[in-house]
Amino acid sequence: GAQTSGKKAQVDAIFSAFTMETPGCAVGVSHRGEVVLKAGYGMADLERKVPITPDTVFESGSIAKQFTAATLFLLEQQGKLFLDDPLHKYLPELPDYGTPVTMRHVIHHTGGLREWRAVAFYGGYPQEGYIYNTEDVLRFATKQRSLNYAPGSVYTYANTGYNLAPLLVERALGDGTTFTAFTRKYIFEPLGMNQTQWRDNFRKIVPNRALAYARKDNVLHQHTPIENVVGAGGLLTTVSDLLAWSDNLTHARVGGPVLVKAQLTAAKLTNGRTVPYGAGLVLNNSAGIREISHGGATGGYRTWLGHFP
């Protein structure tokens, strides 16, 4: 009604800087499970003058982490792995660190594994100078003889464990099922997330995908990721699909209340202190309003998903 159209005008004003000449943004809002606003602004492809719509596919960056964490919880529900098992059980290539790093540590960023991208950079293999895949991540991880700290003692946001998770999932399943196929069957399909897939082959044609851009010396250039690493990032999705996923925090169609409770359980350090980070989700409380959210950035893509129970 009139109220919604008034809100839409306010949203249009926020995104008014995006034009036919600029990269843009898609935005969606749902209220009590009902989508009340979806819009696209600016361009998905500046070369071909394709505008962004609410159905445009973007790469989500680190919003992917909550899906990877949820996959691990689902595997535990199915009895395929235990989150308190050491990574070593499934990834024996990793060095013995003298004390076990578990999947639960990885989910909460308390494991102490070194950030592989930094190691790659210092080793002369910077991002975008080399096409990475999961085997590369494992290779960098196996060469790290020690951890940054005792597992569970410190929270440090990191990608390494999340990038190894898809490989760990496939080994735990052990029947040839891929991480991609598992997530499609148990998360994306049940929630009707038909536009969502992992960017495990960056050369694959993805209908309706927005290219990513960056500005350098005030000139726009393409900045779309060129790598085949997923788990910590690498999820291609739309605002509609993300709203369907966000709705699962309320209705728990996937994984039931047990999954949602696990997602929203704050990390606990060995000294008893809790960190406001759940399973790939930041747990905020501002002015008495609970906010469950996460941002993402890969190449020129920027994403944010928030849920206010």
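Atom CG of L283 sits about 7.5 Å away from atom CZ of R290, to the nearest 0.5 Å. We find the CG-OG1 distance between D45 and T56 to be 10.5 Å, quoted to the nearest 0.5 Å. Residue I187 holds its CD1 atom at 11.5 Å from CD of E189, rounded to the nearest 0.5 Å. Between H221 atom NE2 and R215 atom CZ the span is 10.5 Å, to the nearest 0.5 Å. From H88, atom NE2 reaches atom OG1 of T102 across 14.0 Å, with rounding to the nearest 0.5 Å. Distance check, rounded to the nearest 0.5 Å: CD of E59 to OG1 of T237 gives 11.0 Å.
A continuous path of Ile, Leu, Val, Met, Phe, Trp and Tyr side chains, each step under 4.5 Å between heavy atoms, connects Y132 with L235, placing both in one hydrophobic cluster. Residue L242 is not grouped with residue V206 when hydrophobic side chains (ILVMFWY) are merged at heavy-atom distances under 4.5 angstrom, including chains of intermediate members. The hydrophobic clustering, which links ILVMFWY residues whose side-chain heavy atoms are closer than 4.5 Å, places L81 and L87 together. Y213 and Y301 fall into different hydrophobic clusters, defined by Ile, Leu, Val, Met, Phe, Trp and Tyr side-chain heavy atoms under 4.5 Å apart, directly or through other members. A single hydrophobic cluster is seen to contain both V119 and V101, as judged by linkage of ILVMFWY side chains at heavy-atom distances under 4.5 Å, directly or through other members.
Judged by distance alone, with hydrogens and angles left aside, the side-chain atoms of Y97 form no donor-acceptor pair with the main-chain N or O of L147 at under 3.5 Å. Proximity of a side-chain donor or acceptor of N133 to a complementary backbone N or O of D136 within less than 3.5 Å is detected. Within the 3.5 Å criterion, the main-chain N or O of A212 finds a donor-acceptor partner in the side chain of T224. The backbone N or O of S286 lies less than 3.5 Å from no partner atom in the side chain of N284, so there is not a single donor-acceptor pair. Using modelled atom types, one side-chain atom of Q77 and one backbone atom of G255 make a donor-acceptor pair closer than 3.5 Å. Listed for the R209 side chain is no donor-acceptor partner under 3.5 Å among the backbone atoms of A44. In this structure, S16 contributes its side chain and A13 its backbone to a donor-acceptor pair below 3.5 Å.
Using a 30° and 60° split on the angle between ring planes, H294 and Y157 fall in the tilted class, from 30° to 60°. In this pair, W198 and F179 present their aromatic rings tilted. The plane angle is within the 30 to 60° band. Between F15 and F18, the ring planes are parallel. Angles under 30° get that label, and only those over 60° would be called perpendicular.
Residues W245 and T196 form no side-chain contact, since every pair of their non-hydrogen atoms from C-beta on lies 4.5 Å or further apart. At a threshold of 4.5 Å between non-hydrogen side-chain atoms, the residues V11 and Y41 count as touching. Proximity of Q263 to L249: side-chain heavy atoms (C-beta onward) are separated by under 4.5 Å at one or more points. The side-chain heavy atoms of P309 and I292, taken from C-beta on, include a pair separated by under 4.5 Å. Inter-residue side-chain proximity for L46 and P23 is flagged as met; some heavy-atom pair is nearer than 4.5 Å. Using a 4.5 Å heavy-atom threshold, the side chains of V106 and L168 count as separate. With a 4.5 Å cut-off on side-chain heavy atoms, K7 and V36 do not count as touching. Counting heavy atoms from C-beta outward, F202 and V229 have side chains that stay 4.5 Å or more apart.
Summarising the geometry of A150 relative to S153, their closest heavy-atom pair is O-OG, 2.6 Å, with the distance given to 0.1 Å. Between Y277 and H109, the shortest heavy-atom distance links the atoms OH-NE2, 3.1 Å. Minimum interatomic distance between V254 and P190 (heavy atoms only, all atoms of both residues): CG2-CB, 3.9 Å. Closest heavy-atom contact between T298 and P225: CG2-CG, 3.4 Å.
Within a 6.0 Å radius of NZ in K216, no more than 12 heavy atoms belonging to other residues, nucleotides or ligands are found. By the neighbour-count criterion of 12 heavy atoms within 6.0 Å, atom CG of L269 is densely surrounded, having more than that number from other residues, nucleotides or ligands. Atom CZ of R139 has more than 12 neighbouring heavy atoms from other residues, nucleotides or ligands inside a 6.0 Å radius. Annotation: F121, atom CZ; neighbour count of heavy atoms from other residues, nucleotides and ligands within 6.0 Å does not exceed 12.
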Run the salt bridge (Lys or Arg N to Asp or Glu O under 4.0 Å) check on E21 and K49 step by step: do they pass? CA-CA 8 Å; E21 306 299 320; K49 297 285 183 211; 3.6 Å; yes
Show your reasoning for whether side-chain contact (heavy atoms from CB on, under 4.5 Å) applies to H108 and V275. CA-CA 9 Å; H108 293 306; V275 177; over 6 Å; no
Assess whether side-chain hydrogen bond (donor to acceptor under 3.5 Å, both in side chains) is satisfied between R114 and N148, documenting all intermediate values. CA-CA 6 Å; R114 291 180 180 158; N148 281 337; 3.1 Å; yes
Determine whether F188 and T183 satisfy the following criterion, side-chain contact (heavy atoms from CB on, under 4.5 Å), listing intermediate values before the conclusion. CA-CA 6 Å; F188 307 150; T183 50; 3.7 Å; yes
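The stretch residues 158-176 participates, sequence neighbours left out, in these side-chain hydrogen bond (donor to acceptor under 3.5 Å, both in side chains) pairs: K65-N159, E93-R171, E115-N159, W116-N163, D175-T177.
No side-chain N or O of R104 forms a donor-acceptor pair with one of T110 less than 3.5 Å apart.
By the side chain to side chain contact (heavy atoms under 4.5 Å, CB included) test, F82 pairs with E76, D85, sequence neighbours left out.
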